[in-house]
Amino acid sequence: MTDHPLSALPAWQALEKHASVLRDAHLRDLFAGDPDRFTRLSFGLGPLMVDYSKNRLTAETMGLLAELARARHVEEGRAAMFAGAHINTTEDRAVLHVALRNRATRPMMVDGVDVMVEVRGTRERLKTFAEAVRNGSWTGATGKKIAHIVNIGIGGSHLGPMFVADALKDHQSADLSVAFVSNPDRAQMDDVLKQLDPAATLFIVASKTFTTAETMFNANLARAWIVEKLGKDAVGRHFAAISTNLEAAAGFGIPGSNVFPMWDWVGGRYSVWSAIGLAVMIACGPDVFEQFLAGGEAMDRHFETASLDQNLPVILAMVGIWHADFFDAPAIAILPYDHRLRLLPSHLQQLDMESNGKSVQVDGRPVETQTGPIVFGGGGSDSQHSFFQLLHQSPRVIPCDFIGALKSTNEKGGDVASRDLLLANMFAQTEALMKGRAAADLAKMPPGLVPHRSFSGNRSSTTLLLEEVTPYALGMLIALYEHKVFVQGLVWGVNSFDQWGVELGKELAKSLQPAFAGGADTAAVLNSRDSSTAGLVTAYLKAKGLAEKASS
Ligand code: F6P
């Protein structure tokens, strides 16, 4: 993986040379010079079509990038993941979220054990539980049918299921509402609770560790609410949990029958396929969830078996590396032009930035190049009227992923007008970014305005088109990005599966909290901090009426 410095590899050096030529090329000319450019640089896979022809690259670039992937042992890394090797080296864990969507009879091994036995068993338990909630055979403590599901989690235990539930809204049962609470600002929980009937509410506490401060805080709020409204004995009928920490879930008062396991070989940001997807399964039904898994599985088969140059996740990964490392692109914009995909940017933000926001390689040496990009974005239509200005005319060039669907699930009666408007705008934006508008085309413009009204163009974008946002296509899309991020991590030589960078802040928060009580610890905590942090704590103590503690 990291045997030779990246920049010393012949494939890297060939790409540098090639980039110096392409830096002077304009996408307009690349299209004009090759009528088959779209056919050459687009890729269809089931209900997914990916057009990467509007990136500043050629077929030669793609060949060189595939060479680089090969030289960085992407094939071996891929095989190691599917074989259950401990590729998450800093936590000494396998990385096997692909087992969660393995619907075939194929065994998947971790440390000599076929994990499919537990995966299948848990899937069956989840289906039974989800069906019981949906058909009313599982009721709340008073015998009322469950009508509200509230998922309590954060990070991967929140963003993934929230995105998927929202994307599959057209598949949700009309008699079930689903809400997601992550923020320990109790305003969020209060906003949700005031709309609910406690007797008809089921909380799902989703936490791999069952120790995450925000989630435990919110779970305790929810439990107190149920106890206040229905009594202590009601807790077991109004809570389910998903965790690797089964003891902690039991300690919280949730009976084993409603506690579903996950495993340390599933990373939080890759966990929507596991029991963490329970809210989706209840809201949309086990069959829909099964189709979602099938889409993920189809992408896994493609990723595992296709050659590097015909492999969609590898192609997207290498296009990203081309922009980040050879064109200094600091970021990528994720721009869904489908309301059902509006939460995709937040999900991908965690997936990508928590995975590849690293500055050391697997062996601890510093990375040699830029690694994961800043991932940002938002619904395409809204974003057009907010931050697209920068995408079109800033000196910073930011590659974009445009994601749309050819058909809408919610458009009734053949009214295609809204899709026309959406897709016209989406296609036009990719065209405008690519072509720009030359000063020569503004002959009638007052000369003073010409620099303002012209666009350089030559800005790269990739377009991903789904036939429709079906559960299957959605599964393919998410798995595509997961494998893309993994491949990029392999090329950069980083461990994409740990997240040590989030720990320091958690520790410091824990050590600050005693100061907020204004007890004996306050002065000690304040004295141990820098003047800025101590000043901020003091401001808060004053607001709490504990000012004298701050000055003692
Ligand atoms: O702090 C980051 C993180 O560990 C994420 O990786 C994870 O998705 C999130 O916190 C939530 O963790 P848990 O599911 O254990 O509550």
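Given the structure is predicted, the values throughout are model-derived calculations rather than measurements. Both counts, for ligands and for their atoms, begin at 1 and track the order of listing.
Near ligand 1, residues I154, G155, G156, S157, S207, K208, T209, T212, G268, Q350, E354, Q499, V502, K506 each place a heavy atom inside the 4.0 Å sphere around the ligand atoms.
Side chains of S511 and R529: a donor on one and an acceptor on the other come within 3.5 Å.
The salt bridge (Lys or Arg N to Asp or Glu O under 4.0 Å) analysis of residues 113-127, with sequence neighbours excluded, yields the pairs E124-K127, K127-E290.
Ring planes of W263 and W265: parallel class, angle under 30° (limits at 30 and 60°).
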Solution key, residues 79-88 side-chain donor-acceptor pairs under 3.5 Å, sequence neighbours excluded:
from: H86; atom 1: ND1; to: D92; atom 2: O; distance (Å): 2.9
from: H86; atom 1: ND1; to: D92; atom 2: OD1; distance (Å): 2.8
from: H86; atom 1: NE2; to: D111; atom 2: OD1; distance (Å): 2.8
from: H86; atom 1: NE2; to: D111; atom 2: OD2; distance (Å): 3.4
from: N88; atom 1: OD1; to: E91; atom 2: N; distance (Å): 3.4
from: N88; atom 1: OD1; to: N495; atom 2: ND2; distance (Å): 3.0
from: N88; atom 1: ND2; to: E91; atom 2: OE1; distance (Å): 2.6
from: N88; atom 1: ND2; to: F497; atom 2: O; distance (Å): 3.2

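F163 meets the ring-ring contact (aromatic ring centres under 6.0 Å, His included) test with H347; sequence neighbours excluded.
Minimum interatomic distance between E214 and S182 (heavy atoms only, all atoms of both residues): CB-O, 3.9 Å.
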